[in-house]
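All values below come from the heavy atoms of this structure, side chains included, with hydrogens, waters and symmetry mates left out. Bear in mind the structure is a predicted one, so any value in this text is a computation, not a measurement. All chains are named by letter (A, B, ...) in the order of the sequence lines, taking the proteins before the strands, and each is independently numbered beginning at 1.
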There are 2 protein chains.
Amino acid sequence: MTQNAGKDSGAQTGEAMDLGAMTGSLGFLLRLSQLKSFDTFFHEMKGLEIRPGEISVLMLLDRNPGIRQGVLARALMIKRAHMTKMVHAMEGAGLVCRTVPDADRRSVQLWLTDAGRARLETVQGPFLAFENRNTSGLSDADEAMLKTLLRRYLGLDRPNA
Amino acid sequence: MTQNAGKDSGAQTGEAMDLGAMTGSLGFLLRLSQLKSFDTFFHEMKGLEIRPGEISVLMLLDRNPGIRQGVLARALMIKRAHMTKMVHAMEGAGLVCRTVPDADRRSVQLWLTDAGRARLETVQGPFLAFENRNTSGLSDADEAMLKTLLRRYLGLDRPNA
DNA sequence: GTCATTTTGTTTACTTGGAAACAATATGCG
DNA sequence: CGCATATTGTTTCCAAGTAAACAAAATGAC
């Protein structure tokens with residue numbers, strides 16, 4: 001529980017930082033990595049006016065037409081309250097449409113509109129290109145291993161819970 | 001660019017989700033992993049009234065007494081504007097103290113108070129215990145590899161930029 | 001020295017996301 | 001059936017974080 005230089009009022013003002021136990025914390029490393037990844041995303045996708053959340057909704061709706069709003073929220077690990085706002089915004093932008101199934105009139109099913117599919121077309125190319133540049137010094141093998149380990153951490157390797 | 005069941009208005013309402021290309025996206029995997037990690041954090045540290053940001057500030061200040069506010073912000077990859085608020089709150093709580101060095105009267109140096117060190121003592125044990133439980137199905141070897149790869153992604157393995 | 005530029009922290013307005021309370025519908029149990 | 005409970009989406013309010021404009025001090029050019 002003690003410090004760095006030990007000097008009196010010394011205190012380094014330079015850039016050198018001792019991260020201490022933080023470099024061994026998985027949560028800390030994940031947070032920093034995610035921030036770095038998002039920084040890269042915004043830098044590379046600048047000009048497309050797209051956000052990570054919107055891209056993932058477009059891609060998931062393309063693959064899972066008619067999915068219920070709450071299921072989508074769980075898949076993206078965001079709260080239903082927030083998903084409501086995102087979906088309403090995207091509906092307002094004409095990208096998705098919402099239908100209430102007769103089988104369960106509480107729920108809402110989501111579908112991409114033609115404009116939504118067009119938007120996905122526009123955005124998916126740059127996004128996949130970005131993904132390739134997002135490795136930041138990792139070798140191809142490292143990157144593959146990192147993704148495998150993250151999927152394992154998330155329980156995405158054993159298909160369904 | 002096409003869908004899942006292909007059926008007419010079919011649309012699965014169950015839980016099965018096709019994540020499609022998202023499972024190959026490093027950014028997406030990092031985001032989900034970080035959310036899962038934070039969920040675990042809040043679950044395990046419940047009752048201690050502590051947040052990930054506060055813990056990292058406490059730990060970094062313990063290791064780097066007198067560090068400047070902006071340097072700390074860069075290390076945690078948050079904006080200076082937000083660090084100002086965090087630090088003011090922690091100063092209000094008596095955990096840190098701020099001094100303006102004569103060498104550069106624009107800047108602010110940060111130090112843990114005795115109360116701050118005591119708070120760190122209280123919180124560090126449970127935090128390290130949480131870290132051990134945060135592996136969620138990963139073997140020890142997997143976890144070590146994952147951390148190594150994340151450090152490499154962040155450029156934390158080659159000591160300084 | 002003097003003045004333009006940069007750096008550092010702060011403030012204000014805004015966005016993103018969550019917590020809690022709620023309405024509507026579905027489900028389970030007698 | 002009739003009623004308690006759970007689920008789904010929504011709304012309102014609040015916390016976390018950013019962007020942009022700013023003030024004060026430092027730095028560099030001359």
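Distance B/Met86 CE to C/dG9 P: 15 Å, rounded to the nearest Å. Atoms CZ (B/Phe38) and C1' (C/dA19) sit 18 Å apart, rounded to a whole Å. Rounded to whole Å, atom C1' of D/dG9 lies 13 Å from atom CZ of A/Arg74. One interatomic measurement links the two molecules: CE of B/Met77 to C1' of D/dG17, which rounds to 14 Å at whole-angstrom precision. As a whole-Å value, the separation of A/Met83 CE from C/dT16 C1' is 13 Å. Computed from coordinates, the A/Ile78 CD1 to D/dT10 C1' distance equals 14 Å when rounded to whole Å. Whole-Å rounding puts the B/Gln69 CD to C/dT10 C1' distance at 9 Å. Counting to the nearest Å, the P atom of D/dA24 and the CZ atom of B/Arg68 are 20 Å from each other.
Judged by closest nucleotide on DNA chain D, A/Asp104 is the one of A/Asp104 and A/Arg31 placed further toward the 5' end.
In this structure, of D/dT11, D/dG9, C/dT10, it is D/dG9 that holds the atom nearest to the side chain of A/Val108. Ranking C/dT10, C/dT16, D/dT10 by closeness to the B/Ala81 side chain, first place goes to C/dT10. The side chain of A/Arg106 sits closest to C/dA26 out of C/dT8, C/dA19, C/dA26. When distances run from any side-chain atom of A/His88 to the nucleotides D/dA20, D/dT10, D/dC13, the shortest one goes to D/dT10.
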Verdict with supporting geometry, A/Leu76 and A/Val57, side chain to side chain contact (heavy atoms under 4.5 Å, CB included): CA-CA 8 Å; A/Leu76 296 178; A/Val57 168; 3.8 Å; yes

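Applying the 4.0 Å criterion to OP1 and OP2 of C/dT16, one finds that A/His82 has every side-chain N and O outside that range. Between A/Arg98 and D/dT10 there is a side-chain N or O to OP1 or OP2 distance below 4.0 Å. Proximity of B/Arg80 to the phosphate of C/dT11: no side-chain N or O atom is located under 4.0 Å from OP1 or OP2.
For A/Arg105 and C/dT25, a side-chain-to-base donor-acceptor distance below 3.5 Å is absent, hydrogens and geometry of angles not being considered. Side-chain atoms of B/Lys85 come within donor-acceptor range of the base of D/dT18, with a qualifying N/O pair under 3.5 Å.
The aromatic rings of B/Phe38 and B/Phe42 stand perpendicular to each other, their planes meeting at an angle above 60°, with 30° marking the opposite boundary.
Side-chain atoms of A/Thr135 and A/Glu143 include no donor-acceptor pair closer than 3.5 Å.
Between A/Arg151 and A/Asp157, none of the side-chain N atoms (NZ, or NE/NH1/NH2) sits under 4.0 Å from a carboxylate O, so this pair counts as no salt bridge.
Few gaps surround CE on B/Met45; more than 12 heavy atoms of other groups in view lie less than 6.0 Å from it.
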